[in-house]
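On a predicted model such as this, the values are computed, not experimentally measured, just so you know. Basis for what follows: all heavy atoms, side chains included, without hydrogens, waters or symmetry-related copies.
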Amino acid sequence: MSEQPQQPPNQPPGYGYPNAGPYQQQPGYGYPQGGHPQGGYPQGGYPPGPVPPGMYTGDPNAPYGYDPFGRPYSDKSKIVAGILQLFLGTFGVGRFYIGDVGIGLAQLFTCGGLGIWALIDGIILLTSNDKTDAQGRVLRG
């Protein structure tokens, strides 16, 4: 048989340790003295485990996480780049947006290949899944 600890003489039966009920606090457990618990997410701000796609990971080389193939996502959007290229492609605005200054200048000086180059480039930017920005990161979709 197990030995029952003695109740302190100045407490009524059923209170405190060692006769604490299921909802009473045991010594050494619970909240720290003098304030609320210091819980929450770890230092990075996210729960541990994989970060959902498109969320900021804290990694400056991959500001919006990684795609399923392990390539980092860019902070630029392929939808914005494609729309800019379709409507302002004769000035190379979509290419300037993603950081391709050389192609942007070529489109600016040729009026987007008389509009044909800008139109095709805008469609390709909208439909492809592997276009990258100037740093080689995949455009977000």
Q: side-chain contact (heavy atoms from CB on, under 4.5 Å) for Tyr97 and Lys76? Distances and angles first, verdict last.
A: CA-CA 8 Å; Tyr97 170 72; Lys76 308 292 185 193; 3.8 Å; yes
Q: Please report the closest heavy-atom contact between Ile124 and Lys131, naming both atoms and the distance.
A: CG2-CE, 3.5 Å
Q: Quickly, which of Leu125, Leu126, Thr90 forms a side-chain contact (heavy atoms from CB on, under 4.5 Å) with Gln85? Name it, please.
A: Leu125
Q: Let me check something: do Val93 and Val80 share a hydrophobic cluster, defined by ILVMFWY side-chain heavy atoms less than 4.5 Å apart, either directly or through other members?
A: yes
Q: Nearest heavy-atom pair of Gly104 and Phe96: which atoms, and what distance?
A: C-CZ, 3.5 Å
Q: Does Asp75 form a salt bridge (Lys or Arg N to Asp or Glu O under 4.0 Å) with Arg140? I'd like the steps, not just the answer.
A: CA-CA 7 Å; Asp75 56 339; Arg140 290 184 295 130; over 6 Å; no
Q: Shared ILVMFWY cluster between Leu88 and Leu105, side chains joined below 4.5 angstrom?
A: yes
Q: How would you list all residue pairs meeting salt bridge (charged side-chain N to carboxylate O under 4.0 Å, His left out) that involve residues 114-124, not counting sequence neighbours?
A: Arg95-Asp121
Q: Could I get the full list of side chain to side chain donor-acceptor pair (under 3.5 Å) partners for Asp130, not counting sequence neighbours?
A: none
Q: Show, in sequence, the C-alpha distance, side-chain angles and deciding distance for Phe91 and Cys111, and conclude whether the side-chain contact (heavy atoms from CB on, under 4.5 Å) test is met.
A: CA-CA 6 Å; Phe91 305 114; Cys111 292; over 6 Å; no
Q: Quick one: closest heavy-atom pair of Trp117 and Ala106, and the distance?
A: CH2-CB, 3.7 Å
Q: With a 4.5 Å cut-off on side-chain heavy-atom distances among I, L, V, M, F, W and Y, is there a chain of contacts connecting Tyr64 to Phe69?
A: no
Q: Check whether any side-chain N or O of Asp133 sits under 3.5 Å from a backbone N or O of Gly136 as a donor-acceptor pair, and report yes or no.
A: yes
Q: Pick from Val138, Ile98, Leu139: which one makes a side-chain contact (heavy atoms from CB on, under 4.5 Å) with Ser74?
A: Leu139
Q: Apply side-chain contact (heavy atoms from CB on, under 4.5 Å) to the pair Ile123 and Leu86, showing each step before the final yes or no.
A: CA-CA 7 Å; Ile123 293 170; Leu86 285 176; 4.3 Å; yes
Q: Nearest 0.5 Å please: distance from the CD1 atom of Ile79 over to the CG atom of Leu84.
A: 12.0 Å
Q: Measuring from Tyr73:OH to Asp67:CG, what's the distance to the nearest 0.5 Å?
A: 5.0 Å
Q: Return the OG1 to CZ distance between Thr132 and Arg137, rounded to the nearest 0.5 Å.
A: 10.5 Å
Q: Indicate the atoms forming the closest heavy-atom contact of Gly99 with Ala134, along with that distance.
A: O-CB, 3.4 Å
